[in-house]
There are 2 protein chains.
Amino acid sequence: MAALKYSRQRESIKEFLMTRTDHPTADTVYENMKSIYPNISLGTVYRNLSLLSDLGEIKKLASFGGADRFDGRVEPHCHFMCTECGCVIDLETEDMQDIMKRAGEHFNGIITDCSARFFGMCEDCMKKEKN
Amino acid sequence: MAALKYSRQRESIKEFLMTRTDHPTADTVYENMKSIYPNISLGTVYRNLSLLSDLGEIKKLASFGGADRFDGRVEPHCHFMCTECGCVIDLETEDMQDIMKRAGEHFNGIITDCSARFFGMCEDCMKKEKN
DNA sequence: GTGATTGCAAATGTTTTGCAGGTTG
DNA sequence: CAACCTGCAAAACATTTGCAATCAC
């Protein structure tokens, strides 16, 4: 069992994700980290994102079509992706526990987690559409 | 606008997906197609899966962690993935339209599609756990 | 015959991994 | 100093694409 040791890089990656609400990809994290650690490698970014995700300190949003995205917000919540511009937005939805409970009613296994994604067109793209 | 032409390969791929309920990956489809068309290429499988998905004749289940999976069942329904064995099972859940409607209540864009995934342990893995 | 489809192979994009050196506790 | 972590580069995957030959209409 690997004991965890402090790393500036990991700390910065987590802090960075906390400030963002747009669910950046590993590459975006990497680009932003470079301004603090010019020599940081993409491998380190991936390793830390994966580690933080395993620890439950961040959430990995498995493929919305392209590269995986990462979310500093860990409470269960839903996501919306605009099929026009590709942006990913948090949705304030009803209690996820409730959805999970109802989904498991006709199922013989155990449901412990849930990820709901909605697709459509975001507010900004709808405005552009009108022009 | 490309006019669609018949292809045996595409037909077989669709038929194959209709017979399966385990949401195979492109590679699994490819392996199975090889018994009918020994020279079929993986590229052809990907091209046809993508085409069928665009036509709405099959559903692409974007990354459950590894490779994308494909589903011959197109009515809206939820999926469960076992974090132990990786199997993906259909879930009979409440009306998806209803979930979409409620998710959009505090949202200014338009929601047109939804994909809900549940995670946990499947019945088979629970039995093995007990031993 | 025209244009869509195919097999093949090479290219692309994303993520993981081996290794030698540096850092943490 | 032992174990973890890093940067770098190569490898591993999944998927897409260019091309010349083939097939459907």
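Order of the sequence lines sets the chain letters (A, B, ...), proteins ahead of strands, with each chain counted from 1.
- If you check every strand for non-hydrogen atoms under 4.0 Å, B:D27 touches nothing.
- Distance B:L51 CG to D:dT17 P: 14 Å, rounded to the nearest Å.
- Taking a 6.0 Å sphere around NZ of A:K34, one finds it holds more than 12 heavy atoms contributed by other residues, nucleotides or ligands.
- At D:dT16, none of the side-chain N or O atoms of B:Y46 fall inside 4.0 Å of OP1 or OP2 (strictly under the cut-off).
- Ring-centre distance between B:F119 and B:F80: not below the 6.0 Å cut-off.
- Mapped onto DNA chain D by nearest heavy atom, B:L4 and B:T25 fall at different nucleotides, with B:T25 at the one closer to the 5' end.
- The shortest distance between the side-chain N/O atoms of A:T44 and the OP1/OP2 oxygens of D:dG7 is below 4.0 Å.
- Residue contacts shown for A:S7 are limited to sugar-phosphate atoms, with no base heavy atom under 4.0 Å away.
- Atom-to-atom, CG of B:N39 to P of D:dT22 comes out at 13 Å; the value is rounded to the nearest Å.
- In this structure, B:R8 places its CZ atom 9 Å from P of C:dT6, rounding to the nearest Å.
- Within the nucleic acid shown, B:R47 comes within 4.0 Å of at least one base atom, counting heavy atoms only.
- A:I36 has its CD1 atom 16 Å from the C1' atom of D:dT6, to the nearest Å.
- C:dT14 atom P lies 16 Å from atom CG of A:L61, rounded to whole Å.
- For the pair B:R117 and B:F64, the cation sits on the ring face: its NZ or CZ lies under 6.0 Å from the ring centre, inside 45° of the axis.
- Atoms CG (B:N48) and C1' (C:dA4) sit 11 Å apart, rounded to a whole Å.
- To the nearest angstrom, C1' of C:dT17 lies 16 Å from CG of A:L49.
- Within the 4.0 angstrom heavy-atom criterion, only backbone atoms of the sugar-phosphate kind lie near B:Y6; the bases stay farther away.
- A close approach under 4.0 Å does not occur between any side-chain nitrogen or oxygen of A:Q9 and OP1 or OP2 of C:dT23.
- In the interface, the side chain of B:K5 is not paired with the base of C:dA4 through any donor and acceptor atom under 3.5 Å apart.
- If you check every strand for non-hydrogen atoms under 4.0 Å, B:L42 touches a base.
- Atom CZ in B:R69 sits roughly 12 Å away from atom P in D:dA14 (whole-Å rounding).
- The only option from B:K60, B:H79, B:K59, B:R20 that meets the side chain to side chain donor-acceptor pair (under 3.5 Å) definition with B:D71 turns out to be B:H79.
- In the model, A:S53 has no side-chain atom that pairs as donor or acceptor with a side-chain atom of A:S50 under 3.5 Å.
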